[in-house]
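Structure record follows, encoded as structure tokens.
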Amino acid sequence: MAGRPSIPTNSSALIAIIADEDTVTGFLLAGVGNVDIRKKTNYLIVDNKTTVKQIEDAFKEFTAREDIAIVLISQYVANMIRFLVDSYNKPVPAILEIPSKDHPYDPAHDSVLSRVKYLFSSESVASDRR
Amino acid sequence: MAAATAEQPRDAGSVPRVVEAEEVDEASEGGRRLGRDDADDDDEILRFMDSVDGYLLLMDSLSSALRQGWFDLASARHSMGTSRVSSTLFDHKEQSAATKLQVVDSEDLQSSEPNPHFILSKWCLQEKSNSNDAGDIVKDITKPNLRYRGSATTPVSLHIFTSSRVKKMAARNQTQLQQSLLLVQKARSKALSIFGALVSPKLRTTQISFETALELIVELANLRSNMLSSFSQIKGE
């Protein structure tokens, strides 16, 4: 289709993680951990000492990197930077909100479902029909 | 002359009829086009609803896989000790991720929005369908359109030939499979080694649970991009 922006193909992209220690540990055991030559990692462990600014900086860094294709973020962490997560609208890297040990997944707060929920709203359907 | 003038009114009368017929054709064509557009809209809406449903179901499966992983990790920490299973042991030396992703542009030309597709490469292995090679050879050899000429012994020797060739292919595939499995085992052991040479079996099951979670995450990412693509199409109409 003319004018359709294309996605750059990448054959070795990374998965970034912003989550609690146990979640990051588990995914590192699954082989997603990466440390580059500048000692930059593709993960951030969030604990009670982690500031919102650190989380924001990590989110902005991971979403700006071209070698990262998916950013996993615990939903309770995403809630701390909700404005930033909801205003993100690029196709790659894809942002996925995942549950954590102490905070189960809540579809009402998911940024992707929030974006498309207006289709399920009776008000929007009724206004289209008028 | 009178005949010529008499013919003119007849010709003038047929022209409006032709125009009317053309208008009717255009109207019916427009109606058919509208019907096709409505069907396309319905298809897109159904695709969107399927994506949302699949997304929620997969998220539920992911929660289960992660819960199992956290539980196994807690058990490993209990048996090995808190200091042996800790993020302070993470290696900060330069290292490349063993599990990566491939990103390709989806071939959905109908969508005006970019629609990436993600493919997981676990432990840096590309999945090859080697087992199909032997099957293809068997199919080629036993094709009914192959004609064999010669003596009566030919079919028997052919049978022996094809059987040995198939066996060689199967043996080669088996060797490749074993090599792949060895590489995967090596990569898994390397990931576990950050917690020491001897680790609890629960740590190994944690690894498997999170590998399963990764597969679900990649499926979720693909559903997400399908959902957003369908949504943008429906919104744009």
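Reckoned from all heavy atoms, side chains included, excluding hydrogens, waters and symmetry mates. A, B, ... follow the sequence lines: proteins, then strands. Residue 1 opens every chain.
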*asked:* Looking only at side-chain N and O atoms, does A:N79 offer a donor or acceptor that is under 3.5 Å from a partner on A:Q75?
replied: no
*asked:* What part of A:K40 gets within 4.5 angstrom of chain B, counting heavy atoms only: side chain, backbone, both, or neither?
replied: neither
_Pairs of heavy atoms under 4.5 Å with chain A: top-ranked of B:V218, B:L214, B:L66_ = B:L214
*Where does B:S225 contact chain A at under 4.5 Å (heavy atoms): side chain, backbone, both or neither?*
neither
*Beyond-backbone contact of A:D20 with A:S74, side-chain heavy atoms, under 4.5 angstrom*: yes
*What part of B:D60 lies closer than 4.5 angstrom to a heavy atom of chain A: side chain, backbone, both or neither?*
neither
*Minimum heavy-atom distance B:N222-B:P116, with the two atoms named*: OD1-O, 4.3 Å
*Contact origin within A:R38 toward chain B - heavy atom pairs under 4.5 Å*: neither
All N/O donor-acceptor pairs, side-chain side in residues 194-204 of chain B, below 3.5 Å, sequence neighbours left out:
residue: B:S200; atom: OG; partner: B:S79; partner atom: OG; Å: 3.3
residue: B:S200; atom: OG; partner: B:K202; partner atom: N; Å: 3.1

*Close side-chain approach of B:S87 to A:V24, heavy-atom, < 4.5 Å*: no
*Short question: side chain of B:T99, backbone of B:W123 - any donor-acceptor pair under 3.5 Å?*
yes
*How far apart are the closest heavy atoms of A:I45 and A:T50, and which atoms are they?*
O-OG1, 3.6 Å
_So for B:K93, is it side chain, backbone, both, or neither that comes closer than 4.5 Å to the heavy atoms of chain A?_
backbone
*Can you tell which of A:L14, A:I15, A:T41, A:T23 has the highest number of heavy-atom pairs within less than 4.5 Å of chain B?*
A:T23
_What I want to check is whether the side chains of B:Q102 and A:S11 have a donor and an acceptor closer together than 3.5 Å._
no
*asked:* Using a 4.5 Å heavy-atom cutoff, which residues in residues 29-37 of chain A come close to chain B?
replied: A:L29, A:A30, A:G31, A:V32, A:G33, A:N34, A:V35, A:D36, A:I37
*Value rounded to 0.5 Å, distance of CZ in B:F118 from CD1 in B:I217*: 12.5 Å
_With a 4.5 angstrom heavy-atom cut-off, is it the side chain or the backbone of A:D110 that approaches chain B, or both, or neither?_
side chain
*asked:* Please rank B:R188, B:E211, B:Q95 by heavy-atom pairs under 4.5 Å with chain A and give me the top one.
replied: B:Q95
_Note, B:E215 side chain near B:L120 side chain (heavy atom, < 4.5 Å)_ = yes
_Could you check whether any side-chain N or O of B:S51 sits under 3.5 Å from a backbone N or O of B:R47, counting only pairs where one atom can act as donor and the other as acceptor?_
yes
_Suppose a student defines contact as a heavy atom less than 4.5 Å from any heavy atom of chain B. Which residues in residues 98-106 of chain A would they list?_
A:I98, A:P99, A:S100, A:K101, A:Y105
_As an exercise, state the distance from OG1 of B:T212 to CD1 of B:I208, rounded to the nearest 0.5 Å._
7.0 Å
*Dump the intermediate steps for side-chain contact (heavy atoms from CB on, under 4.5 Å) on A:N89 and A:R115, then the final yes or no.*
CA-CA 10 Å; A:N89 57 5; A:R115 225 191 289 180; 4.1 Å; yes
*Is chain B contacted by the side chain of A:T25, its backbone, both, or neither, given a heavy-atom distance below 4.5 Å?*
both
*Closest non-hydrogen atom pair, A:S111 against A:E97*: N-OE2, 3.0 Å
*Mind checking the CE-OG spacing from B:M80 to B:S86? Nearest 0.5 Å is all I need.*
11.0 Å
_Residue-level contacts of residues 61-73 of chain A with chain B, using a heavy-atom cutoff under 4.5 Å_ = A:A69, A:I70, A:L72
*Largest heavy-atom contact set with chain A, pairs under 4.5 Å, which of B:M227, B:R224, B:Q207, B:H92*: B:R224
